[in-house]
Amino acid sequence: MTKKLRYGLIGCGGCGENKHLASYKRFPNDVELAAVFDVDPGRAKAVAERHQIPKVCSSYMELLADPTIDLVSIATPNVMHAPIAIAALKAGKHVHIEKPIAMNAREAQAIVNAKNRARRKVMVALNNRFTEASQYARRYVEEGHLGEIYHARCGWRRRLGCNMYGTWFADKNLSGGGPLIDLGVHFFDLTLHLLGFPAPVAVSGACYDKLAHPSKADKHMKSVMMGRDKAAGKHDVEDFAAGFVKLETGVSVAFEFSWGSYVEKDMSYLELLGSRGGLRLHDGSLKMFSEAAGALVDVTPQVKNTTGWGENETRHFIDCIRQNKEPLAPPEEAVKMMQIIDAIYASSKSGREVRIRSRA
Ligand SMILES: NC(=O)c1ccc[n+]([C@@H]2O[C@H](COP(=O)([O-])OP(=O)(O)OC[C@H]3O[C@@H](n4cnc5c(N)ncnc54)[C@H](O)[C@@H]3O)[C@@H](O)[C@H]2O)c1
(Lines give C-alpha, C1' and ligand atoms only; values in the text may rest on other atoms or scores of the structure.)
Protein backbone atom coordinates (compact mmCIF):
# COMPACT_ATOMS: atom_id res chain seq x y z
CA MET A 1 0.00 0.00 0.00
CA THR A 2 1.23 3.54 -0.80
CA LYS A 3 2.45 5.50 2.19
CA LYS A 4 -0.07 8.00 3.57
CA LEU A 5 0.65 11.70 3.08
CA ARG A 6 1.37 13.37 6.43
CA TYR A 7 -0.56 16.62 6.68
CA GLY A 8 -0.12 19.86 8.63
CA LEU A 9 -2.55 22.77 8.99
CA ILE A 10 -1.30 26.34 9.46
CA GLY A 11 -4.12 28.68 10.56
CA CYS A 12 -6.83 26.95 12.58
CA GLY A 13 -9.70 29.45 12.08
CA GLY A 14 -13.05 28.94 10.36
CA CYS A 15 -11.66 27.98 6.98
CA GLY A 16 -8.72 25.97 8.32
CA GLU A 17 -10.88 23.78 10.53
CA ASN A 18 -14.19 23.61 8.65
CA LYS A 19 -12.86 23.38 5.11
CA HIS A 20 -9.29 22.05 5.13
CA LEU A 21 -9.29 19.73 8.13
CA ALA A 22 -12.85 18.61 7.49
CA SER A 23 -12.08 17.69 3.89
CA TYR A 24 -8.64 16.07 4.43
CA LYS A 25 -10.25 14.03 7.18
CA ARG A 26 -12.57 12.47 4.61
CA PHE A 27 -9.63 10.65 3.01
CA PRO A 28 -8.10 8.63 5.85
CA ASN A 29 -6.65 6.05 3.45
CA ASP A 30 -4.52 8.73 1.83
CA VAL A 31 -3.86 11.29 4.55
CA GLU A 32 -2.72 11.26 8.15
CA LEU A 33 -3.44 14.46 10.10
CA ALA A 34 -0.07 15.10 11.74
CA ALA A 35 0.28 18.63 13.15
CA VAL A 36 -1.31 22.05 13.51
CA PHE A 37 -0.14 25.58 14.19
CA ASP A 38 -2.01 28.81 14.94
CA VAL A 39 -0.70 32.05 16.46
CA ASP A 40 -3.48 31.55 19.00
CA PRO A 41 -2.16 28.51 20.91
CA GLY A 42 -5.50 27.92 22.63
CA ARG A 43 -7.24 27.65 19.28
CA ALA A 44 -4.59 25.31 17.89
CA LYS A 45 -4.85 23.08 20.96
CA ALA A 46 -8.65 22.97 20.84
CA VAL A 47 -8.62 22.11 17.11
CA ALA A 48 -5.99 19.40 17.66
CA GLU A 49 -8.13 17.89 20.43
CA ARG A 50 -11.33 17.99 18.40
CA HIS A 51 -9.66 16.17 15.48
CA GLN A 52 -7.25 13.92 17.44
CA ILE A 53 -4.16 15.51 15.89
CA PRO A 54 -1.05 14.49 17.85
CA LYS A 55 1.20 17.52 17.45
CA VAL A 56 0.59 21.22 18.23
CA CYS A 57 3.54 23.32 17.04
CA SER A 58 4.67 26.56 18.59
CA SER A 59 5.59 28.20 15.25
CA TYR A 60 4.98 27.53 11.60
CA MET A 61 8.73 27.05 11.15
CA GLU A 62 8.60 24.23 13.71
CA LEU A 63 5.82 22.55 11.73
CA LEU A 64 7.70 23.02 8.44
CA ALA A 65 10.92 21.67 9.96
CA ASP A 66 9.24 18.31 10.62
CA PRO A 67 10.69 16.11 7.84
CA THR A 68 7.85 13.61 8.11
CA ILE A 69 5.25 16.16 6.94
CA ASP A 70 4.60 16.04 3.19
CA LEU A 71 1.79 18.52 2.71
CA VAL A 72 0.45 21.68 4.37
CA SER A 73 -2.63 23.88 4.10
CA ILE A 74 -2.25 27.61 4.66
CA ALA A 75 -5.45 29.18 6.00
CA THR A 76 -4.14 32.28 7.75
CA PRO A 77 -4.96 35.94 7.10
CA ASN A 78 -3.87 36.82 3.56
CA VAL A 79 -0.76 38.75 4.60
CA MET A 80 0.90 35.52 5.77
CA HIS A 81 0.09 33.42 2.68
CA ALA A 82 3.23 34.27 0.67
CA PRO A 83 5.82 34.13 3.49
CA ILE A 84 4.49 30.80 4.78
CA ALA A 85 4.07 29.30 1.28
CA ILE A 86 7.62 30.23 0.32
CA ALA A 87 9.01 28.84 3.58
CA ALA A 88 6.95 25.65 3.11
CA LEU A 89 8.26 25.14 -0.42
CA LYS A 90 11.82 25.72 0.77
CA ALA A 91 11.17 23.01 3.36
CA GLY A 92 10.06 20.64 0.57
CA LYS A 93 6.32 20.57 1.35
CA HIS A 94 3.42 20.48 -1.10
CA VAL A 95 1.23 23.53 -0.47
CA HIS A 96 -2.55 23.94 -0.52
CA ILE A 97 -3.00 27.68 -0.13
CA GLU A 98 -6.20 29.60 0.58
CA LYS A 99 -7.49 32.32 -1.70
CA PRO A 100 -6.40 34.97 -2.45
CA ILE A 101 -3.03 33.38 -3.13
CA ALA A 102 -1.31 36.49 -1.75
CA MET A 103 -1.71 40.22 -1.17
CA ASN A 104 -0.74 41.16 -4.75
CA ALA A 105 0.70 39.85 -8.04
CA ARG A 106 4.31 40.43 -6.97
CA GLU A 107 3.92 38.11 -3.97
CA ALA A 108 1.99 35.60 -6.09
CA GLN A 109 4.86 35.51 -8.60
CA ALA A 110 7.34 34.93 -5.73
CA ILE A 111 5.31 31.82 -4.78
CA VAL A 112 5.47 30.59 -8.39
CA ASN A 113 9.24 31.13 -8.41
CA ALA A 114 9.62 29.22 -5.13
CA LYS A 115 7.47 26.40 -6.50
CA ASN A 116 9.61 26.12 -9.62
CA ARG A 117 12.76 25.91 -7.49
CA ALA A 118 11.26 23.39 -5.06
CA ARG A 119 9.54 21.16 -7.65
CA ARG A 120 6.61 20.64 -5.31
CA LYS A 121 2.87 21.00 -5.99
CA VAL A 122 1.02 24.20 -5.16
CA MET A 123 -2.73 24.53 -5.48
CA VAL A 124 -4.83 27.58 -4.71
CA ALA A 125 -7.99 26.73 -2.76
CA LEU A 126 -10.48 27.89 -5.39
CA ASN A 127 -13.31 25.62 -4.35
CA ASN A 128 -15.80 27.15 -6.80
CA ARG A 129 -13.93 25.53 -9.71
CA PHE A 130 -14.59 22.11 -8.22
CA THR A 131 -18.37 22.09 -7.86
CA GLU A 132 -20.27 19.76 -10.18
CA ALA A 133 -22.11 22.76 -11.73
CA SER A 134 -18.86 24.62 -12.49
CA GLN A 135 -17.24 21.54 -13.97
CA TYR A 136 -20.26 20.94 -16.18
CA ALA A 137 -20.24 24.62 -17.23
CA ARG A 138 -16.60 24.30 -18.25
CA ARG A 139 -17.32 21.24 -20.35
CA TYR A 140 -20.31 23.00 -21.96
CA VAL A 141 -18.10 25.97 -22.91
CA GLU A 142 -15.25 23.76 -24.11
CA GLU A 143 -17.61 21.82 -26.37
CA GLY A 144 -18.48 25.13 -28.04
CA HIS A 145 -22.20 25.25 -27.24
CA LEU A 146 -22.09 29.02 -26.61
CA GLY A 147 -20.41 29.84 -29.93
CA GLU A 148 -18.05 32.79 -29.68
CA ILE A 149 -18.13 34.19 -26.17
CA TYR A 150 -17.83 37.98 -26.18
CA HIS A 151 -18.90 39.19 -22.74
CA ALA A 152 -19.11 37.97 -19.15
CA ARG A 153 -20.67 39.37 -15.99
CA CYS A 154 -19.84 38.22 -12.52
CA GLY A 155 -20.62 39.37 -9.03
CA TRP A 156 -21.27 38.52 -5.45
CA ARG A 157 -23.47 41.03 -3.66
CA ARG A 158 -24.19 40.67 -0.02
CA ARG A 159 -26.95 42.63 1.65
CA LEU A 160 -25.77 42.57 5.23
CA GLY A 161 -22.57 40.59 5.07
CA CYS A 162 -20.06 43.02 6.44
CA ASN A 163 -19.70 42.43 10.13
CA MET A 164 -16.03 43.06 9.54
CA TYR A 165 -15.08 45.95 11.79
CA GLY A 166 -12.13 44.99 13.91
CA THR A 167 -11.44 41.71 12.07
CA TRP A 168 -8.36 41.16 9.91
CA PHE A 169 -10.62 41.12 6.81
CA ALA A 170 -11.23 44.88 7.20
CA ASP A 171 -7.58 45.75 7.86
CA LYS A 172 -5.88 46.39 4.51
CA ASN A 173 -2.43 45.59 5.90
CA LEU A 174 -3.61 42.08 6.77
CA SER A 175 -6.11 41.35 3.98
CA GLY A 176 -4.93 43.39 0.98
CA GLY A 177 -8.46 44.75 0.48
CA GLY A 178 -12.19 44.22 0.98
CA PRO A 179 -14.83 42.24 -0.96
CA LEU A 180 -12.91 42.64 -4.22
CA ILE A 181 -10.00 40.52 -3.01
CA ASP A 182 -12.14 38.41 -0.69
CA LEU A 183 -15.16 37.50 -2.86
CA GLY A 184 -13.92 38.79 -6.21
CA VAL A 185 -11.10 36.28 -6.56
CA HIS A 186 -13.61 33.42 -6.47
CA PHE A 187 -15.81 34.71 -9.26
CA PHE A 188 -13.15 36.34 -11.43
CA ASP A 189 -11.25 33.11 -11.17
CA LEU A 190 -14.23 31.00 -12.18
CA THR A 191 -15.09 33.34 -15.05
CA LEU A 192 -11.52 33.25 -16.40
CA HIS A 193 -11.35 29.49 -15.81
CA LEU A 194 -14.45 28.95 -17.97
CA LEU A 195 -12.92 31.21 -20.63
CA GLY A 196 -9.61 29.27 -20.67
CA PHE A 197 -7.77 31.86 -18.56
CA PRO A 198 -6.87 34.51 -21.16
CA ALA A 199 -4.55 37.26 -19.92
CA PRO A 200 -6.13 40.55 -18.80
CA VAL A 201 -5.06 43.62 -20.79
CA ALA A 202 -6.97 46.59 -19.35
CA VAL A 203 -9.03 47.35 -16.27
CA SER A 204 -11.35 50.12 -15.11
CA GLY A 205 -12.43 49.85 -11.52
CA ALA A 206 -14.20 51.84 -8.83
CA CYS A 207 -14.09 51.00 -5.13
CA TYR A 208 -16.30 52.62 -2.50
CA ASP A 209 -16.49 52.66 1.27
CA LYS A 210 -19.73 54.62 1.58
CA LEU A 211 -21.20 52.29 4.19
CA ALA A 212 -18.08 51.85 6.27
CA HIS A 213 -17.22 55.55 6.05
CA PRO A 214 -20.32 57.56 5.11
CA SER A 215 -19.90 61.16 3.98
CA LYS A 216 -20.47 63.95 6.48
CA ALA A 217 -24.13 64.35 5.52
CA ASP A 218 -24.90 60.72 6.39
CA LYS A 219 -22.74 60.43 9.48
CA HIS A 220 -25.62 60.95 11.87
CA MET A 221 -27.45 57.88 10.51
CA LYS A 222 -27.55 54.93 12.85
CA SER A 223 -27.10 52.17 10.31
CA VAL A 224 -27.46 48.43 10.73
CA MET A 225 -25.74 47.94 7.42
CA MET A 226 -22.21 47.23 8.54
CA GLY A 227 -23.23 44.73 11.19
CA ARG A 228 -20.79 45.47 13.93
CA ASP A 229 -20.34 48.54 15.98
CA LYS A 230 -17.79 50.80 14.35
CA ALA A 231 -16.11 51.22 17.70
CA ALA A 232 -15.11 47.56 17.38
CA GLY A 233 -12.19 48.57 15.20
CA LYS A 234 -10.47 49.43 11.98
CA HIS A 235 -12.08 49.32 8.53
CA ASP A 236 -9.82 50.74 5.83
CA VAL A 237 -10.92 48.61 2.86
CA GLU A 238 -13.71 49.07 0.31
CA ASP A 239 -17.19 47.72 0.98
CA PHE A 240 -18.18 47.73 -2.70
CA ALA A 241 -16.22 47.37 -5.95
CA ALA A 242 -17.38 47.46 -9.56
CA GLY A 243 -15.80 47.76 -12.97
CA PHE A 244 -14.81 46.35 -16.27
CA VAL A 245 -11.93 44.14 -17.49
CA LYS A 246 -10.81 43.54 -21.07
CA LEU A 247 -9.09 40.26 -21.90
CA GLU A 248 -6.53 39.54 -24.62
CA THR A 249 -9.14 37.49 -26.49
CA GLY A 250 -11.35 40.58 -26.85
CA VAL A 251 -13.85 39.29 -24.25
CA SER A 252 -15.03 41.91 -21.74
CA VAL A 253 -15.97 41.17 -18.12
CA ALA A 254 -18.21 43.42 -15.98
CA PHE A 255 -18.11 42.82 -12.22
CA GLU A 256 -19.45 43.93 -8.85
CA PHE A 257 -18.58 42.68 -5.38
CA SER A 258 -19.85 43.85 -2.02
CA TRP A 259 -19.93 42.86 1.62
CA GLY A 260 -23.04 44.95 2.12
CA SER A 261 -25.37 47.06 -0.02
CA TYR A 262 -29.02 48.13 -0.16
CA VAL A 263 -30.25 45.30 -2.39
CA GLU A 264 -33.09 42.81 -1.94
CA LYS A 265 -30.98 39.80 -1.06
CA ASP A 266 -27.55 38.18 -1.28
CA MET A 267 -26.70 36.96 -4.74
CA SER A 268 -23.72 35.42 -6.51
CA TYR A 269 -23.73 35.11 -10.27
CA LEU A 270 -21.66 34.49 -13.34
CA GLU A 271 -23.03 34.95 -16.86
CA LEU A 272 -21.41 34.28 -20.22
CA LEU A 273 -22.81 35.68 -23.46
CA GLY A 274 -21.91 33.95 -26.69
CA SER A 275 -22.91 34.13 -30.35
CA ARG A 276 -24.94 30.92 -30.06
CA GLY A 277 -25.99 30.80 -26.42
CA GLY A 278 -25.72 32.13 -22.91
CA LEU A 279 -24.86 30.50 -19.58
CA ARG A 280 -25.78 31.56 -16.08
CA LEU A 281 -24.49 30.20 -12.79
CA HIS A 282 -26.69 31.79 -10.16
CA ASP A 283 -26.24 30.99 -6.46
CA GLY A 284 -24.73 27.66 -7.52
CA SER A 285 -27.48 26.69 -10.03
CA LEU A 286 -26.73 26.41 -13.70
CA LYS A 287 -28.96 27.40 -16.63
CA MET A 288 -28.27 27.86 -20.33
CA PHE A 289 -30.11 29.92 -22.93
CA SER A 290 -30.11 29.32 -26.67
CA GLU A 291 -32.56 28.55 -29.44
CA ALA A 292 -33.92 25.43 -31.07
CA ALA A 293 -36.55 24.70 -33.74
CA GLY A 294 -37.31 28.37 -34.21
CA ALA A 295 -37.79 29.33 -30.57
CA LEU A 296 -35.70 30.59 -27.69
CA VAL A 297 -35.08 27.81 -25.17
CA ASP A 298 -33.91 27.59 -21.57
CA VAL A 299 -31.92 24.52 -20.59
CA THR A 300 -31.46 23.37 -17.00
CA PRO A 301 -28.84 20.61 -16.82
CA GLN A 302 -29.49 18.03 -14.13
CA VAL A 303 -26.26 18.51 -12.20
CA LYS A 304 -26.37 18.81 -8.47
CA ASN A 305 -23.60 19.78 -6.09
CA THR A 306 -23.42 16.74 -3.86
CA THR A 307 -20.05 17.23 -2.21
CA GLY A 308 -19.03 19.33 0.76
CA TRP A 309 -17.01 22.55 0.88
CA GLY A 310 -13.51 21.74 -0.37
CA GLU A 311 -14.01 17.99 -0.75
CA ASN A 312 -13.54 17.68 -4.55
CA GLU A 313 -10.71 20.19 -4.43
CA THR A 314 -8.88 18.27 -1.70
CA ARG A 315 -9.38 14.90 -3.43
CA HIS A 316 -7.96 16.45 -6.60
CA PHE A 317 -4.89 17.83 -4.81
CA ILE A 318 -4.17 14.48 -3.16
CA ASP A 319 -4.38 12.83 -6.61
CA CYS A 320 -2.07 15.47 -8.11
CA ILE A 321 0.57 14.74 -5.45
CA ARG A 322 0.16 10.99 -5.72
CA GLN A 323 0.13 10.86 -9.54
CA ASN A 324 2.51 13.79 -10.20
CA LYS A 325 -0.18 15.76 -12.08
CA GLU A 326 -0.48 19.55 -12.31
CA PRO A 327 -3.34 20.90 -10.16
CA LEU A 328 -6.43 22.42 -11.77
CA ALA A 329 -6.00 25.70 -9.86
CA PRO A 330 -2.30 26.48 -10.37
CA PRO A 331 -0.53 29.50 -8.88
CA GLU A 332 0.49 30.74 -12.35
CA GLU A 333 -3.18 31.54 -13.06
CA ALA A 334 -3.51 33.16 -9.64
CA VAL A 335 -0.75 35.60 -10.68
CA LYS A 336 -2.97 36.79 -13.56
CA MET A 337 -5.86 36.97 -11.12
CA MET A 338 -3.86 39.18 -8.77
CA GLN A 339 -2.78 41.41 -11.67
CA ILE A 340 -6.46 42.14 -12.22
CA ILE A 341 -7.09 42.85 -8.52
CA ASP A 342 -4.01 45.12 -8.30
CA ALA A 343 -5.10 46.97 -11.44
CA ILE A 344 -8.65 47.50 -10.15
CA TYR A 345 -7.33 49.07 -6.95
CA ALA A 346 -4.91 51.22 -8.98
CA SER A 347 -7.64 52.27 -11.41
CA SER A 348 -10.00 53.18 -8.59
CA LYS A 349 -7.28 55.32 -7.01
CA SER A 350 -6.24 57.10 -10.21
CA GLY A 351 -9.69 57.33 -11.80
CA ARG A 352 -8.22 56.00 -15.05
CA GLU A 353 -8.10 52.77 -17.01
CA VAL A 354 -5.03 50.70 -16.10
CA ARG A 355 -3.28 48.61 -18.75
CA ILE A 356 -1.69 45.30 -17.77
CA ARG A 357 1.47 44.11 -19.45
CA SER A 358 1.76 40.35 -19.65
CA ARG A 359 4.90 38.88 -18.02
CA ALA A 360 4.91 35.97 -20.45
N1 LIG B 1 -12.25 29.37 0.01
C2 LIG B 1 -13.20 29.88 0.77
O3 LIG B 1 -14.38 29.72 0.51
C4 LIG B 1 -12.79 30.67 1.99
C5 LIG B 1 -13.74 30.98 2.98
C6 LIG B 1 -13.31 31.67 4.11
C7 LIG B 1 -11.98 32.07 4.23
N8 LIG B 1 -11.10 31.77 3.23
C9 LIG B 1 -9.69 32.17 3.32
O10 LIG B 1 -9.08 31.44 4.39
C11 LIG B 1 -8.13 32.23 5.06
C12 LIG B 1 -8.48 32.28 6.55
O13 LIG B 1 -9.78 32.84 6.68
P14 LIG B 1 -10.73 32.45 7.91
O15 LIG B 1 -12.11 32.82 7.53
O16 LIG B 1 -10.45 31.07 8.37
O17 LIG B 1 -10.20 33.49 8.99
P18 LIG B 1 -10.19 33.30 10.58
O19 LIG B 1 -9.95 34.65 11.14
O20 LIG B 1 -11.40 32.52 10.99
O21 LIG B 1 -8.93 32.36 10.84
C22 LIG B 1 -7.61 32.76 10.63
C23 LIG B 1 -6.74 31.99 11.61
O24 LIG B 1 -5.37 32.26 11.34
C25 LIG B 1 -4.70 32.46 12.57
N26 LIG B 1 -3.48 33.23 12.30
C27 LIG B 1 -3.31 34.56 12.20
N28 LIG B 1 -2.02 34.84 11.90
C29 LIG B 1 -1.37 33.64 11.79
C30 LIG B 1 -0.04 33.27 11.52
N31 LIG B 1 0.91 34.16 11.29
N32 LIG B 1 0.27 31.95 11.52
C33 LIG B 1 -0.68 31.01 11.79
N34 LIG B 1 -1.96 31.31 12.07
C35 LIG B 1 -2.31 32.61 12.06
C36 LIG B 1 -5.71 33.16 13.44
O37 LIG B 1 -5.39 33.06 14.82
C38 LIG B 1 -6.98 32.39 13.07
O39 LIG B 1 -7.14 31.24 13.85
C40 LIG B 1 -8.15 33.59 4.37
O41 LIG B 1 -7.13 33.66 3.41
C42 LIG B 1 -9.51 33.64 3.69
O43 LIG B 1 -9.53 34.44 2.53
C44 LIG B 1 -11.48 31.08 2.13
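Both counts, for ligands and for their atoms, begin at 1 and track the order of listing. Treat the numbers as computed from the prediction; the structure is a model and nothing was measured. Computation of the quantities below employed the complete heavy-atom set of this structure, encompassing side-chain atoms and omitting hydrogens, waters and symmetry-equivalent molecules.
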Practice problem: Compute both the distance and the angle, then confirm whether Arg315 meets the cation-pi test with Phe27: under 6.0 Å from the six-membered ring centre, within 45 degrees of the axis. | Solution: yes
Quiz item: Do NZ/NE/NH1/NH2 and the carboxylate oxygens of Glu17 and Arg43 come within less than 4.0 Å?
Solution: no
Exercise. Please say whether more than 12 non-hydrogen atoms of neighbouring residues, nucleotides or ligands are located less than 6.0 Å from CD in Glu143.
Key: yes
Exercise. Note the single closest protein heavy atom to atom 15 (O) of ligand 1, along with its residue, its atom name and the distance in Å.
Key: Phe169 CZ, 3.5 Å
Quiz prompt | Residue part near ligand 1, for Asn127, under 4.0 Å between non-hydrogen atoms | solution = side chain
Quiz item: To the nearest 0.1 Å, how far is atom 43 (O) of ligand 1 from its closest protein heavy atom, and which atom is that?
Solution: Lys99 O, 2.8 Å
Quiz item: Tell me, which protein residue and heavy-atom name are nearest atom 37 (O) of ligand 1, and how many Å apart are they?
Solution: Asp38 OD1, 2.6 Å
Exercise. Determine the interplanar angle of the Tyr208 and Phe240 rings, folded into 0 to 90°, and report it as parallel if under 30°, tilted if 30 to 60°, perpendicular if over 60°.
Key: tilted
Quiz item: Among protein heavy atoms, which sits nearest to atom 12 (C) of ligand 1, and what does the distance come to when rounded to 0.1 Å?
Solution: Ala75 O, 3.3 Å
Practice problem: Give the numbers and elements of all ligand 1 atoms closer than 4.0 Å to a heavy atom of Lys19. | Solution: 1 (N)
Self-check item: Atoms in ligand 1 with a heavy atom of Val39 nearer than 4.0 Å
Solution: 26 (N), 27 (C), 28 (N), 29 (C), 30 (C), 31 (N), 32 (N), 33 (C), 34 (N), 35 (C), 37 (O)
Quiz item: Near Met80, which atoms of ligand 1 are under 4.0 Å from a heavy atom of that residue?
Solution: 31 (N)
Exercise. Provide the number and element of each atom of ligand 1 under 4.0 Å from a heavy atom of His81.
Key: 41 (O)
Practice problem: Could you tell me whether His186 approaches ligand 1 through its side chain, its backbone, both or neither, with non-hydrogen atoms closer than 4.0 Å? | Solution: side chain
Quiz item: Which of the numbered atoms in ligand 1 are below 4.0 angstrom from a heavy atom of Asn78?
Solution: 40 (C), 41 (O), 43 (O)
Quiz item: atom 11 (C) of ligand 1: which protein heavy atom is closest, and how many Å away?
Solution: Thr76 O, 3.4 Å
Quiz prompt | Test applied, side-chain hydrogen bond (donor to acceptor under 3.5 Å, both in side chains); reference residue, Asn127; option that passes from Glu311, Lys19, Glu98 | solution = Lys19
Quiz item: Relative to the ring of Phe257, is the ring of Phe255 parallel (under 30°), tilted (30 to 60°) or perpendicular (over 60°)?
Solution: parallel
Quiz item: According to the interplanar angle, ranging from 0 to 90°, do the rings of His96 and Phe317 count as parallel (below 30°), tilted (30 to 60°) or perpendicular (above 60°)?
Solution: tilted
Practice problem: Run down the list Pro77, Pro41, Ser73, Gly13 and name the one with the heavy atom closest to atom 24 (O) of ligand 1. | Solution: Pro77
Quiz item: Charged N to carboxylate O below 4.0 Å: is that the case for Asp342 and Arg106?
Solution: no
Practice problem: Check whether any N or O atom of Trp168, backbone or side chain, sits under 3.5 Å from an N or O atom of ligand 1, and answer yes or no. | Solution: yes
Quiz item: Can you tell me the protein heavy atom closest to atom 44 (C) of ligand 1 and the distance?
Solution: Glu98 OE1, 3.0 Å
Quiz item: What residue and heavy atom of the protein are closest to atom 32 (N) of ligand 1, and at what distance?
Solution: Phe37 CE2, 3.4 Å
Self-check item: Minimum non-hydrogen distance to atom 20 (O) of ligand 1, winning option of Gly14, Cys57, Ala44
Solution: Gly14
Self-check item: Protein heavy-atom partner closest to atom 38 (C) of ligand 1 - residue, atom, separation in Å
Solution: Arg43 NH1, 3.0 Å
Quiz item: Hey, does the side chain of Ser347 reach the backbone of Ala343 with a donor-acceptor pair shorter than 3.5 angstrom?
Solution: no
Self-check item: Pairs where residues 75-86 contributes a residue and the test salt bridge (Lys or Arg N to Asp or Glu O under 4.0 Å) is met, not counting sequence neighbours
Solution: none
Quiz item: Which is closest to atom 14 (P) of ligand 1 in terms of heavy atoms, Cys15, Gly310, Ser175, Ala125?
Solution: Cys15
Practice problem: Could you list the residues that satisfy side chain to side chain donor-acceptor pair (under 3.5 Å) with Ser58, not counting sequence neighbours? | Solution: Glu62
Exercise. For Ser261 and Arg157, run side-chain hydrogen bond (donor to acceptor under 3.5 Å, both in side chains): C-alpha distance rounded to whole Å, both residues' side-chain angles, the deciding distance at 0.1 Å, then the answer.
Key: CA-CA 7 Å; Ser261 48; Arg157 293 191 321 212; 5.2 Å; no
